[in-house]
Structure formats: C-alpha cells, structure tokens
Amino acid sequence: MENTMKNYEDVDSWKTIMFLYNSALKEVGTKLEILNDEFQHVHKYNPIEHIKTRIKTPESIVKKLRRYGYEISIENMVKYINDIAGVRLICSFTSDIYRLAEMIGNQSDLKVLSIKDYIKNPKESGYKSYHMLVSVPIFLSDSVVDTKVEIQIRTIAMDFWASLEHKIYYKFEGDAPDYISRDLRECAEMVSTLDEKMLSLNEAIQECLEKQEELNLSTKTKESNRQDQRVLQGLD
C-alpha cells in the first residue's frame, strides 16, 4: 500500500486512503460474520459476542505520528500507523480468542503481518488483549491494494476493563497518580481471575452435558435392545 499511495499529493489523497481503509473494514467484517455464522451452524455456538469497527480520526493519526517522531505525511501515515482501520472482536471466554485467531489466520486471502499477545504477556498497566495486524486485498477497477487492518480480540471482561482504563487515563491525559495505576492493575488481576473462573465453569458445564448425553444414549440403546428381545421372543 505504501508504494501505491506515496505518489498521491493532492487533496483527494486523503479521501482515497480513507476509502481504502473503510473498504478493508467491510471486507474483514464480512469474513468475521461468515466465520461466526459457520461456527454457529456447525457447533451450535457463537464465539463472537459482538464486533466493533472504527477508523482513526485525523487528529489521532497526527498525534501518533508526532509521538513516534515522524513527519506528518500521507506516506508516513500509511507506513507507520498500523491501527488506522481497527476491528474489535468481543468473546465470552479466553479459549474463544485463540480459536478465532487460528480461524482468521487460516483465511487464504488475509495475510497476517504481526501478532501481539497481551494475554500471555500483559502490558504493565494490566491491559490484556490479542492483537493481529493483517492485510486484506482491496480490488479496485484498475488495481489491487493490500490494506492493513488491526484486529483486537478480547473477552467481555477484558473489554470492560480496557474501556474504563481508557476513560480514566483520558481524564488525566495519560499521567494518572500512582495509586490510580495501582488500583487499575489490581482490577486487571480481578478480571483475569473472573475470566479463568468463567472458562472453568463453562468447561465443567460442557463436560456435564456430554456425560448426560452419553447416559441418555446408553439408556436409549438398552431400551431398544430390550424391545428387540421382546419382538424376537414373540416370534418364537
């Protein structure tokens, strides 16, 4: 995408790039909905609770380029800002996160550029999420442009914590008092404990249901065998 876009210098360049990022969001969003529908069809279970999409604002892009020390330009924006187009997948359980990541990675027309696992390696703040940077081909009338999209996958509990953490730090403009940061890290640990407990409960429920199904099947088999024996006895 960098090579395709770096020659744009007119006013329309911004609109063109935003068109590409919006198109990429539509492509990735459709793929994720299909994966979710297929999973429901095959396994009678939806791994995705809901999907959020967003395009970074011009102000956020400029602020990030300045923070990184890059000149404000279209080329640098495309090259160095990886989360202009973002998709967030909210799941019920941590096991869903890695299952979805594997399914996304298996998509033949998506290229996984990088992975950051903040679940196994949380940020110092306590932030947890699974980040995938992918590129998706956007087919235009006269060309194909690979466009980057960041996919974040997290549980409902992780998303709850991250949303509140963002609001709190926004109020302090990133410079919150130490005790606030400490309490947020403690809350992050509580969220992790909650996720682990809910996953454990879900696995226990599934195991219980499987045993019940096996018992019901065994009971039906025995009853069928008894009926067959009665039929055979009647023929004798």
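Here the CG-NZ distance, from Leu89 to Lys52, works out to 11.0 Å after rounding to the nearest 0.5 Å. To the nearest 0.5 Å, atoms CD (Glu189) and CH2 (Trp161) are separated by 11.0 Å. Once rounded to the nearest 0.5 Å, the distance linking CG of Leu184 with OG of Ser125 reads 8.0 Å. Note that CG of Asp117 and CD1 of Ile115 are 8.5 Å apart. Values are rounded to the nearest 0.5 Å. Atoms CD1 and CG, from Ile151 and Leu110 in turn, are 6.5 Å apart once rounded to the nearest 0.5 Å. Note that CG of Leu25 is 11.5 Å distant from CD of Glu150, once rounded to the nearest 0.5 Å.
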Stepwise side chain to side chain contact (heavy atoms under 4.5 Å, CB included) check, Lys56 with Lys64:
CA-CA 10 Å; Lys56 244 185 186 343; Lys64 199 161 191 177; 3.9 Å; yes
Could you check Ser143 against Val145 for side chain to side chain contact (heavy atoms under 4.5 Å, CB included), going step by step and ending with a plain yes or no?
CA-CA 7 Å; Ser143 62; Val145 183; 4.2 Å; yes
Give the intermediate values and the outcome of side chain to side chain contact (heavy atoms under 4.5 Å, CB included) for residues Ser95 and Leu199.
CA-CA 8 Å; Ser95 57; Leu199 177 60; 3.5 Å; yes
Does Tyr130 form a ring pair (Phe, Tyr, Trp, His ring centres under 6.0 Å) with Tyr98? I'd like the steps, not just the answer.
CA-CA 8 Å; Tyr130 191 93; Tyr98 293 101; 5.4 Å; yes
Quick one, Thr94 with Met158, criterion side chain to side chain contact (heavy atoms under 4.5 Å, CB included). Give me CA distance, side-chain angles, the key distance, then yes/no.
CA-CA 10 Å; Thr94 50; Met158 291 175 193; 3.8 Å; yes
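In terms of hydrophobic clustering, with Ile, Leu, Val, Met, Phe, Trp and Tyr side chains grouped at heavy-atom distances under 4.5 Å, Leu100 and Val134 are assigned to a common cluster. Placement of Leu164 and Val191 in two distinct hydrophobic clusters is found when ILVMFWY residues are connected by side-chain heavy-atom separations under 4.5 Å, directly or transitively. When hydrophobic clusters are built by joining Ile, Leu, Val, Met, Phe, Trp and Tyr residues whose side-chain heavy atoms come closer than 4.5 Å, directly or via intermediates, Ile34 is not grouped with Val136. Following chains of ILVMFWY side-chain contacts shorter than 4.5 Å, one cannot reach Ile156 starting from Ile119, and the two form parts of different hydrophobic clusters. Transitive grouping of hydrophobic side chains (ILVMFWY, heavy atoms separated by less than 4.5 Å) brings Met18 and Leu65 into a common cluster.
Gln152 and Ser129 form no side-chain donor-acceptor contact under 3.5 Å, judged by distance and modelled atom types alone. Side-chain atoms of Ser60 and Thr57 include a donor-acceptor pair closer than 3.5 Å.
No donor-acceptor pair under 3.5 Å is formed between the side chain of Ser200 and the backbone N or O of Glu196. The backbone N or O of Glu71 lies less than 3.5 Å from a partner atom in the side chain of Asn76, making a donor-acceptor pair. Asp159 places no side-chain N or O within 3.5 Å of a backbone atom of Ile90 that could act as its donor or acceptor partner. For the pair Arg54 (side chain) and Ile84 (backbone), a donor-acceptor distance under 3.5 Å is present.
Residues Met77 and Ser73 are not in side-chain contact: their nearest non-hydrogen atoms beyond the backbone lie 4.5 Å or more apart. Counting only heavy atoms from C-beta outward, the side chains of Tyr68 and Ile81 approach each other to under 4.5 Å. No side-chain heavy atom of Val28 sits under 4.5 Å from any side-chain heavy atom of Thr53. Side-chain contact between Phe93 and Pro47: absent, with no pair of heavy atoms (C-beta onward) separated by less than 4.5 Å. His131 has its side chain out of reach of Ile153: every pair of non-hydrogen atoms, C-beta onward, lies at least 4.5 Å apart. Using a 4.5 Å cut-off on side-chain heavy atoms (C-beta onward), Asp37 and His41 make no contact.
Salt bridge Lys128/Asp195: absent, no basic N to carboxylate O contact under 4.0 Å. A salt bridge does not link Asp83 to Lys148: none of the charged nitrogens lies less than 4.0 Å from a carboxylate oxygen. At a threshold of 4.0 Å, the pair Glu207-Lys211 counts as salt-bridged, since one of the basic side-chain nitrogens sits closer than that to a carboxylate oxygen. A salt bridge does not link Lys111 with Asp146: none of the charged nitrogens is closer than 4.0 Å to a carboxylate oxygen.
Residues Arg154 and Ala162 share a closest heavy-atom pair of NH1-CB, 3.4 Å. Summarising the geometry of Leu20 relative to Thr147, their closest heavy-atom pair is O-CG2, 3.9 Å, with the distance given to 0.1 Å.
Within a 6.0 Å radius of OH in Tyr45, other residues, nucleotides and ligands contribute more than 12 heavy atoms. The local environment of NZ in Lys120 is sparse, with at most 12 non-hydrogen atoms from other residues, nucleotides or ligands closer than 6.0 Å. When the shell of 6.0 Å around NZ of Lys116 is examined, it contains 12 or fewer heavy atoms from other residues, nucleotides or ligands. Atom CE of Met198 has 12 or fewer heavy atoms from other residues, nucleotides or ligands within 6.0 Å. In this structure, Arg66 places its CZ atom where only 12 or fewer heavy-atom neighbours from other residues, nucleotides or ligands lie under 6.0 Å away. When the shell of 6.0 Å around CZ of Phe39 is examined, it contains more than 12 heavy atoms from other residues, nucleotides or ligands. No more than 12 heavy atoms of other residues, nucleotides or ligands shown are found within 6.0 angstrom of CG on Asp178.
In this pair, Tyr118 and Tyr127 present their aromatic rings perpendicular. The plane angle is above 60°, beyond the 30 to 60° band.
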